[in-house]
Structure formats: C-alpha cells, structure tokens
Amino acid sequence: MPELPEVEVTRRGIAPALVGQRVLSADFRVPALRYPLPHDLVTRLPGQRLASITRRGKYLLLQFDTGNLLIHLGMSGSLRLLPAGVVADKHDHVDVVFEAPLVAKNSVAKSSANVVLRLRDPRRFGAMLWLDGDLGHHLGHHALLAVLGIEPLTDEFNGAWLKRELTGLKAAIKPTLMDGHRIVGIGNIYASESLFRAGIHPRTAAGRISLKRLERLVATIKETLAAAILAGGSSLRDFIHSDGSSGYFQQQYFAYGRTGEACRVCSHPIREMRQGQRATFFCARCQR
DNA sequence: AAGGTAACCTGACTGC
DNA sequence: TGCAGTCAGGTTACCT
C-alpha cells in the first residue's frame, strides 16, 4: 500500500484530528517491527503536544514537545483513527491515545471517546522510532533520514537535476527510480506507471537517456504522484474507521498489474518481467 | 561507487 | 479441504 502518495494521503488524513492535541497514553503490543519499538514512550509521551505532522520520503514525522515520532509503513502498514476502546486486532501493534475526542466530519456518528492513532502492520516491515530533540537536526543527521534522496514533488527535482544524477549509470532506469537514496517515494507501482507515461522502456540504461526524455520523465513522475494523491484523497478523506486500503488510483493504472491486458494507448498486451526481484509492467510498443 | 541478491514477515491466492 | 508454492505497494545488509 504505501508509496509516497499513500503516505501523503495518510498524513493529510490524520493531521487535522491530531495536530495540536496532547497525548494521554501510548501502548505497544509487540517488541519490534523492523527495529525495536520505543517502549519507553509509554511513560515519556503522555502530556506532550503534537505540533505537526510532516513527511520525508515515505517517512511520517510527528513532532512533539521533546522529540519526534518517526513512522514508516513498510509494505503492509497503515494508520487509522479510532475512538478509544475499540479492541485491537491481531496486527494492531501500536496505539497512541490523544485527549481530543474523535469528531467524524463525514460521519453522522460522533464519539465522545478519545481518539486513538493505531498502527497496523501485518508483515512488520515498518518502523516506529523516537528521535529526541530537534527535528531539523535529525533530517540532516539521522542515519535513516540523512541518506534520503530528493523529494520528487519539488522544483529542485527537474530534468537537469535528473540528468546530472544519472550520468554514468549503467543500471536500468526502473530500479534506479526506486532507489530512495537518489529520489524518495517512488515505489514499484509508480515506477512502472511513470515510465509508461514517459514512453521509456524500464530496462533502458539510466545514464543513456537524453535530457529531453528525462524532462518528460520528471513531468510524468510528478503528474502520476499528484494524481494518485488526489485519487487516494478522495477515497480516504475520512480516516475514521478507514481500513487504510489504497484509493481509487488503481483504476487509472496503465501498466501495473495489467499483464496480458490491452495497452490503454495502443492495445498491445501489457508485458511483465522481473527486475531486481520485483515485477515490472510495460508496453513494448509504447515504451522504447 | 556501483550493481545485484538475500533477508526480514504474514497473508492471500493458485494449483494439485 | 489441505497443503505447497508463489507473490505482495520497502529497505537494509552484504556480497562482488
């Protein structure tokens, strides 16, 4: 579920209900996800006010009084807002209870119970870490954050930047797009989708793509991510009781998961191959 | 530095 | 119905 658009949709979904609110309690039900969980937050977090929720790549950063909660959803993670008291399911690993009552804007039902931010992650590839002190410092110095690549939805991410970044690379463009140390947020779905829209074959050597085609690729990456955020936003606007599933953008896929189906542009069957243990989908006629 | 592979983990699905 | 095998939206660690 979570590439950049899904993480951003999650951020926008939970922020209005939580920002400005104080924590009442925290509960950890497993010792670790990808990394050990910060169990000491059970005593450290209560009383702290949530000042902001920001995103860096696929990481969510919740800024509190004395530090920051870093959350990564991995392959199967999701965050939901619930009224306190709802029994945790098998893979609901972390709860953070806020003192504000849950008010469902799009729901007739209102609850007077406190609102719970609940992290579910069946595969446990996700992460939750506590970063003490200043967030700005961690963005530049933390081992997980400092190594992150450029944000694709910024003006700095443009054709000239990408041309420079890819110069000399012999690796295929598709896995290169997914390398978070170069560009953050582009996962397996949006890599295939962006390359389809740009008309670039996924196996093209990254360093041998012209500036003109890279400018086109930058544009399709931005438009694909932006469209997915909009589509996700329309279905996940109400995070209360949401199942955290991805939004309606699936209906707009040109290539991903469409093996054997007709290309929406030229009607040739969409093909599937493996690159770096991951499935790649493309149209051999539209993408050269 | 670059490039490729295995590993982490559970659940859903396919085919026999 | 059961069981084995495969696959899944991510990332790091560890090879060459």
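As the structure is a computational prediction, the values presented were derived from the model and not from experiment.
Counting non-hydrogen atoms of neighbouring residues, nucleotides and ligands closer than 6.0 angstrom, the CZ atom of A:Arg208 reaches no more than 12 such neighbours. Within 6.0 Å of the CZ atom in A:Arg264, the count of heavy atoms belonging to other residues, nucleotides or ligands exceeds 12. Environment of CZ in A:Arg203: sparse, with no more than 12 heavy atoms of neighbouring residues, nucleotides or ligands closer than 6.0 Å.
Residue A:Tyr256 forms a ring pair (Phe, Tyr, Trp, His ring centres under 6.0 Å) with just one option from A:Phe196, A:Phe249, A:Phe281, and that option is A:Phe281. Checking A:Val23, A:Val94, A:Leu62 one by one against A:Leu69, the side chain to side chain contact (heavy atoms under 4.5 Å, CB included) holds for a single residue, A:Leu62.
Between A:Glu3 and A:Ile186, the closest heavy-atom pair is OE1-C, 3.9 Å. Considering all non-hydrogen atoms of both residues, A:Lys222 and A:Phe157 come closest at NZ-O, 2.9 Å.
One atom, CG of A:Leu73, and another, C1' of C:dG10, lie 11 Å apart when rounded to the nearest Å. Atom pair A:Met75:CE and B:dA12:P shows a separation of 15 Å (rounding to whole Å applied). If you take OH of A:Tyr253 and P of C:dA8, they are 13 Å apart, rounded to a whole angstrom. Rounded to an integer number of Å, the gap from CD1 of A:Ile186 to C1' of C:dT11 is 16 Å. C:dG9 atom P lies 12 Å from atom OH of A:Tyr190, rounded to whole Å. If you take NZ of A:Lys58 and P of C:dT12, they are 10 Å apart, rounded to a whole angstrom. Rounded to an integer number of Å, the gap from A:Asp121 CG to B:dG11 P is 11 Å. Between A:Glu6 atom CD and C:dA8 atom P the separation is 16 Å, expressed in whole Å.
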Close N or O pairs between protein and nucleotides 3-6 of chain B (under 3.5 Å):
from, atom 1, to, atom 2, distance (Å)
B:dG3, OP1, A:Lys170, N, 2.7
B:dG3, OP1, A:Ala171, N, 3.3
B:dA6, OP2, A:Gln277, NE2, 3.4

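Residue A:His181 places none of its side-chain N or O atoms closer than 4.0 Å to OP1 or OP2 of C:dT11. Close to C:dG10, at under 4.0 Å from its OP1 or OP2, lies a side-chain N or O of A:Arg278. For the OP1/OP2 pair of C:dT11 and a distance below 4.0 Å, the side-chain nitrogens and oxygens of A:His72 include at least one atom meeting the criterion. For A:Lys90, a side-chain nitrogen or oxygen approaches OP1 or OP2 of B:dG11 to under 4.0 Å. An OP1 or OP2 oxygen of B:dG11 is reached within less than 4.0 angstrom by a side-chain nitrogen or oxygen of A:His91.
Atom P of B:dC9 sits at a distance of 23 Å from the matching atom of C:dC3, rounded to the whole Å. When the P atom is used for both B:dA12 and C:dT11, the distance is 23 Å, rounded to whole Å. The gap from the P atom of C:dT12 to that of B:dG11 amounts to 25 Å, rounded to the nearest Å. Annotation: B:dA6 and C:dT6 have their P atoms spaced 14 Å apart (nearest Å). Comparing the P positions of B:dT5 and C:dC7 gives an interatomic distance of 15 Å, to the nearest angstrom.
Against DNA chain B, the stretch residues 135-146 of chain A makes no heavy-atom approach under 4.0 Å.
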The dot-bracket string of DNA chain B, counting Watson-Crick and G-U wobble pairs with both distances under 3.5 Å, using [ ] for crossing pairs and | for pairs to another strand, is .|||||||.|||||||
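Both geometric conditions, a ring-centre gap below 5.5 Å and a plane tilt below 30°, are fulfilled for A:Phe125 over the base of B:dC8.
With A:Gln275 contributing its side chain and A:Pro202 its backbone, the two residues share a donor-acceptor pair below 3.5 Å. Looking only at distances, a side-chain donor or acceptor of A:Arg216 sits under 3.5 Å from a matching main-chain atom of A:Arg197. The backbone N or O of A:Cys286 sits nowhere less than 3.5 Å from a side-chain atom of A:His268 that would complete a donor-acceptor pair.
Taking 3.5 Å as the limit, the base of B:dT10 and the side chain of A:Arg124 contain no donor-acceptor pair of atoms between them. For C:dA8, the base has a donor-acceptor partner in the side chain of A:Arg123 [N/O atoms by modelled type, under 3.5 angstrom].
Checked against a 6.0 Å centroid threshold, the rings of A:His201 and A:Phe282 count as neighbours.
A donor atom on one side chain and an acceptor atom on the other are not found under 3.5 Å apart for A:Gln63 and A:Thr54.
Counting non-hydrogen atoms under 4.0 angstrom, A:Tyr256 reaches the backbone sugars and phosphates but no base. Using a 4.0 Å heavy-atom criterion, one finds that A:Ala279 contacts the sugar-phosphate atoms exclusively.
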Requested in this report: Report the C-alpha separation of A:Gln48 and A:Thr66 in whole Å, then their side-chain angles, then the decisive distance to 0.1 Å, and conclude whether the side chain to side chain donor-acceptor pair (under 3.5 Å) test is met.
Outcome: CA-CA 8 Å; A:Gln48 295 207 38; A:Thr66 71; 2.9 Å; yes
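Listed nucleotides C:dT12, C:dG9, C:dC7 differ in distance to A:Asn188; the shortest reach to its side chain belongs to C:dG9.
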